[in-house]
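Just so you know, these numbers come straight off a predicted model, no measurement behind them. For ligands, and for the atoms within them, numbers begin at 1 and follow the listed sequence.
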Amino acid sequence: GNQWGYGKDDGPSAWHKNYPIAEGDRQSPIDIVPNQARHDPNLGPIVLNYDHCTSINIANNGHSVVVEFEDSDDRSVIQGGPLDNPYRLKQFHFHWGGKGCHGSEHTVEGNSYDSELHLVHWNAVKFKTFQEAASAPDGLAVLGIFLETGDEHRWLHMITDALYTVKFKGSVTDFKGFNPKCLLPSSLHYWTYLGSLTTPPLHESVIWIVIKEPMIVSDKQLGKFRTLVFTGEEEDQRTRMENNFRPPQLLKGRKVRSSN
Ligand SMILES: NS(=O)(=O)c1c(F)cccc1F
Ligand SMILES: [Zn+2]
């Protein structure tokens with residue numbers, strides 16, 4: 001089937017064979033060049049209303065670790081900034097590197113961060129389901145937050161302490177009462193541009209909002225993500241889950257705007 005991964009034969013350079021949109025005009029991630037990003041005074045602040053968010057579970061989907069949310073109503077939404085509607089929080093997940101290697105997807109002037117958190121939201125005003133929104137040009141809004149190693153993050157342990165329960169592909173465990181607002185940096189200044197999912201099917205359906213200020217996590221916390229494996233418990237191969245990032249794609253004339 002359409003098996004894809006991050007290895008030599010099934011990784012980002014091979015995705016175009018099953019997903020030709022990989023060579024499309026609005027692919028993500030990109031390299032962000034701050035002094036070429038146009039400051040747009042009409043870009044208001046990002047507003048997050050996560051106070052009644054309901055996390056459901058944490059899972060290893062064979063590509064990343066994902067925390068899913070209840071999205072049957074507008075209990076947790078992002079709005080403002082470049083968005084014309086409120087977008088509902090569906091899930092968040094991470095991308096990271098190997099030991100001593102950086103693993104963010106977006107880069108800033110060619111520099112990558114250690115990791116990147118993606119909070120995935122969908123336009124429930126215009127579409128009935130996430131699946132439908134995921135293939136529409138204004139269907140998704142993903143908030144990207146860089147992770148940089150330094151001091152320990154006071155709340156990330158709530159996630160890293162649960163990772164041992166989802167070591168293998170296909171594992172899912174309860175994960176209630178987590179509010180991702182605790183992961184956000186103090187400033188929500190951002191860059192924004194029109195792009196795509198960074199994993200197959202690579203739909204060009206994402207309004208990207210990349211926060212400028214990274215969240216700081218410890219080496220030890222980041223190392224726990226690398227205890228996950230891409231493979232299922234029943235497989236004899238144990239392939240460490242790391243370097244699950246797509247490299248930057250061509251801008252193809254797109255403009256990146258800056259909030260300020
Ligand atoms: N990486 S990403 O944020 O573009 C992304 C999505 F938005 C949706 C599904 C999977 C996924 F990986
Ligand atoms: Zn992602």
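Electrostatic pairing of Asp40 and Arg38 does not count as a salt bridge here, judged by no charged N lying under 4.0 Å from a carboxylate O. No salt bridge links Asp71 with Arg88; every basic N to acidic carboxylate O contact stays at or beyond 4.0 Å.
Looking at His118 and the Zn ion (ligand 2) together, the shortest N, O or S contact belongs to ND1. Here the N, O or S atom of His93 that is nearest to the Zn ion (ligand 2) is NE2.
Contact between His95 and ligand 1 is present, with at least one heavy atom of the residue lying under 4.0 Å from the ligand. Proximity of Val142 to ligand 1 is established by a heavy-atom distance of less than 4.0 Å.
Test Glu234, Glu233, Glu235, Met241 against Phe168 for side-chain contact (heavy atoms from CB on, under 4.5 Å) and you get one pass: Glu233.
Between Phe225 and Asn244 the shortest side-chain heavy-atom distance does not fall below 4.5 Å. Counting heavy atoms from C-beta on, the side chains of Ile207 and Leu140 never come closer than 4.5 Å. Put simply, the side chain of Lys126 reaches to within 4.5 Å of the side chain of Asn85, judged on heavy atoms.
The protein atom (non-hydrogen) at minimum distance from atom 6 (C) of ligand 1 is Leu197 CD2, 3.5 Å. In terms of protein heavy-atom proximity, atom 10 (C) of ligand 1 is closest to Thr199 OG1, 3.8 Å. Scanning the protein for heavy atoms near atom 1 (N) of ligand 1, the closest one is Thr198 OG1, 2.7 Å.
Atoms of ligand 1 lying under 4.0 Å from any heavy atom of Val120, numbered from 1 in the order shown and given with element: 3 (O), 6 (C), 7 (F). Interface of Trp208 with ligand 1, defined as ligand atoms under 4.0 Å from a residue heavy atom, comprises 3 (O), 4 (O). Annotation for ligand 1: atoms under 4.0 Å from non-hydrogen atoms of His93 are 1 (N), 2 (S), 3 (O), 5 (C), 11 (C), 12 (F).
Between Phe146 and Tyr113, the two ring planes are parallel [angle under 30°; tilted spans 30° to 60°]. In this pair, Phe175 and Phe178 present their aromatic rings tilted. The plane angle is within the 30 to 60° band.
In this comparison of His118, Glu116, His63, Gln91, the heavy atom closest to atom 9 (C) of ligand 1 sits on Gln91.
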